[in-house]
J.: 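For reference, the structure I am asking about is given below.
Ligands are counted one by one from 1 in listed order, and the atoms in each one are counted from 1 as well. Residue indices begin at 1 and follow the sequence shown.
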Amino acid sequence: MDDPQENENPQELQRPGDEVEVESEWRKQAWTQLEKLRQKSPLVQCITNFVSMDLMANVLLSAGASPAMVYSVDEIPEFTPKVDALCVNLGTLTPDWLPSMKLAAETANKEGKPWVLDPVAAGCSSFRLKACIELLGMKPTVVRGNGSEILALFKGSVDHTSKGADSRHDSADAVEAAKAVALLTGGVVAVSGAVDYITDGQRVVGVHNGVPMLQKITATGCSVTALIAAFIAIDPVHVFEATASALSLFGVASELGMKVAKGPGSLRMHLIDLLHGLDQGTVLDKVRITEL
Ligand SMILES: Nc1ncnc2c1ncn2[C@@H]1O[C@H](COP(=O)(O)OP(=O)(O)O)[C@@H](O)[C@H]1O
Ligand SMILES: Cc1ncsc1CCOP(=O)(O)O
Ligand SMILES: [Mg+2]
């Protein structure tokens with residue numbers, strides 16, 4: 001794949017050699033990180049919503065990580081120091097969950113463990129927005145949300161036209177907001193959608209993998225956030241790159257799954273199977289990450 005002349009993709013032959021070379025590096029990196037994830041099987045603590053627990057745990061297992069849906073405030077002081085990464089998701093938030101989320105984030109920070117925030121439906125109520133903003137202030141390593149969620153965090157105001165967990169905005173409309181949020185936290189922010197954008201406030205890359213039908217399966221966003229936690233656990237020095245790899249490989253599995261799925265139900269099953277079976281040839285062929 002190093003030599004563009006050997007590339008079987010005709011679109012790539014029309015692009016400048018340095019762009020092809022850069023994309024090839026991202027592909028190799030995604031494969032290296034996936035291999036490492038499978039070898040190390042990081043333990044990922046997920047404080048997540050009831051809707052997502054099953055798919056999230058299965059996505060983590062199929063990728064090679066170990067999920068633990070441990071969320072009682074009584075267990076966090078003992079358990080969180082042992083995990084490799086933490087995923088905090090506000091999907092079915094009630095006031096009783098917040099102390100667990102905050103204590104886990106504080107513990108992760110104290111222990112130097114990376115953590116990811118998924119601000120599900122951030123703009124749908126003032127209760128939820130306030131919780132998101134408080135957690136954002138605890139400086140998550142990565143924030144991953146859809147366009148509407150990242151815009152709500154940036155604006156800091158309730159969105160009266162919110163569709164809850166679903167996005168009303170294209171990811172491209174939230175790139176500047178994502179940059180601003182990244183500068184605020186000092187971490188990485190990913191906006192998902194037709195193209196996933198990843199930024200640290202300066203750099204931006206676009207991930208061009210995935211299929212629209214992922215939006216018709218609940219908790220795919222939640223699950224890819226947990227996958228990001230697994231990837232940053234194994235490469236905490238390259239958080240930006242690991243975030244792009246996780247989003248891209250999840251998208252590649254969905255593209256392969258779409259070829260055999262009959263609808264959202266069977267895509268969900270194939271997504272898990274194909275993430276588990278991803279091999280080097282497929283990753284080097286299908287990952288599409290571009291620098292913007
Ligand atoms: N139109 C689309 N085309 C391709 N992939 C998409 C599209 N919309 C969302 N995705 C993918 O679906 C997954 C979940 O993203 P998204 O639907 O934005 O999150 P959420 O479920 O939190 O709203 C991501 O991997 C994203 O890349
Ligand atoms: C439908 C729903 N309601 C509260 S949490 C949740 C799941 C959201 O999952 P995702 O953000 O991955 O679509
Ligand atoms: Mg979501």
J.: Checking a contact table here: which protein heavy atom is nearest atom 25 (O) of ligand 1, and how many Å away?
T.: Phe250 CD2, 3.5 Å

J.: Are any of the side-chain heavy atoms of Asp235 and Gln29 separated by less than 4.5 Å?
T.: no

J.: Out of Gly210, Pro212, Gly193, who gets a non-hydrogen atom closest to atom 6 (C) of ligand 1?
T.: Gly193

J.: Which is it for Asn146 and ligand 2 at heavy atoms under 4.0 Å: side chain, backbone, both or neither?
T.: neither

J.: Look only at interatomic distance and state if Asn146 has a nitrogen or oxygen under 3.5 Å from any nitrogen or oxygen of ligand 1.
T.: yes

J.: May I ask whether Ala219 has any heavy atom positioned less than 4.0 angstrom from an atom of ligand 2?
T.: yes

J.: More than 12 heavy atoms of other residues, nucleotides or ligands under 6.0 Å from NE2 of His169: is that the case?
T.: yes

J.: Just go through Asp170, Asp196, Leu249, Asn89 and tell me whose heavy atom is the nearest to atom 24 (C) of ligand 1.
T.: Asp196

J.: Among all the protein's non-hydrogen atoms, which is closest to atom 6 (C) of ligand 2, and how far away is it?
T.: Val51 CG2, 3.8 Å

J.: At under 4.0 Å between heavy atoms, is it the side chain or the backbone of Val211 that contacts ligand 1, or both, or neither?
T.: backbone

J.: Does Ala165 reach ligand 1, in the sense of a heavy atom lying below 4.0 Å from it?
T.: yes

J.: Suppose we measure from atom 4 (C) of ligand 2 to each protein heavy atom; which comes out shortest, and what is that distance?
T.: Gly91 O, 3.3 Å

J.: What residue and atom, counting heavy atoms only, is the protein's closest point to atom 1 (C) of ligand 2, and at what distance?
T.: Thr218 OG1, 3.8 Å

J.: Give me the nearest non-hydrogen protein atom to atom 11 (C) of ligand 1 as residue plus atom name, then the distance to 0.1 Å.
T.: Leu214 CD1, 3.5 Å

J.: Taking the side chain from Thr199 and the backbone from Arg203, do they hold a donor-acceptor pair closer than 3.5 Å?
T.: yes

J.: If you have a sec, work out which protein heavy atom is nearest atom 11 (O) of ligand 2 and how many Å separate them, to one decimal?
T.: Cys222 SG, 3.8 Å

J.: Does any N or O of ligand 1 fall below 3.5 Å from an N or O anywhere on Arg144, backbone included?
T.: yes

J.: Are any of the N or O atoms of Ser192 closer than 3.5 Å to those of ligand 1?
T.: yes

J.: Regarding Thr282 and Asp285, is there a side-chain donor-to-acceptor distance under 3.5 Å anywhere?
T.: no

J.: Pick from Glu19, His208, Glu23: which one makes a side chain to side chain donor-acceptor pair (under 3.5 Å) with Thr290?
T.: His208

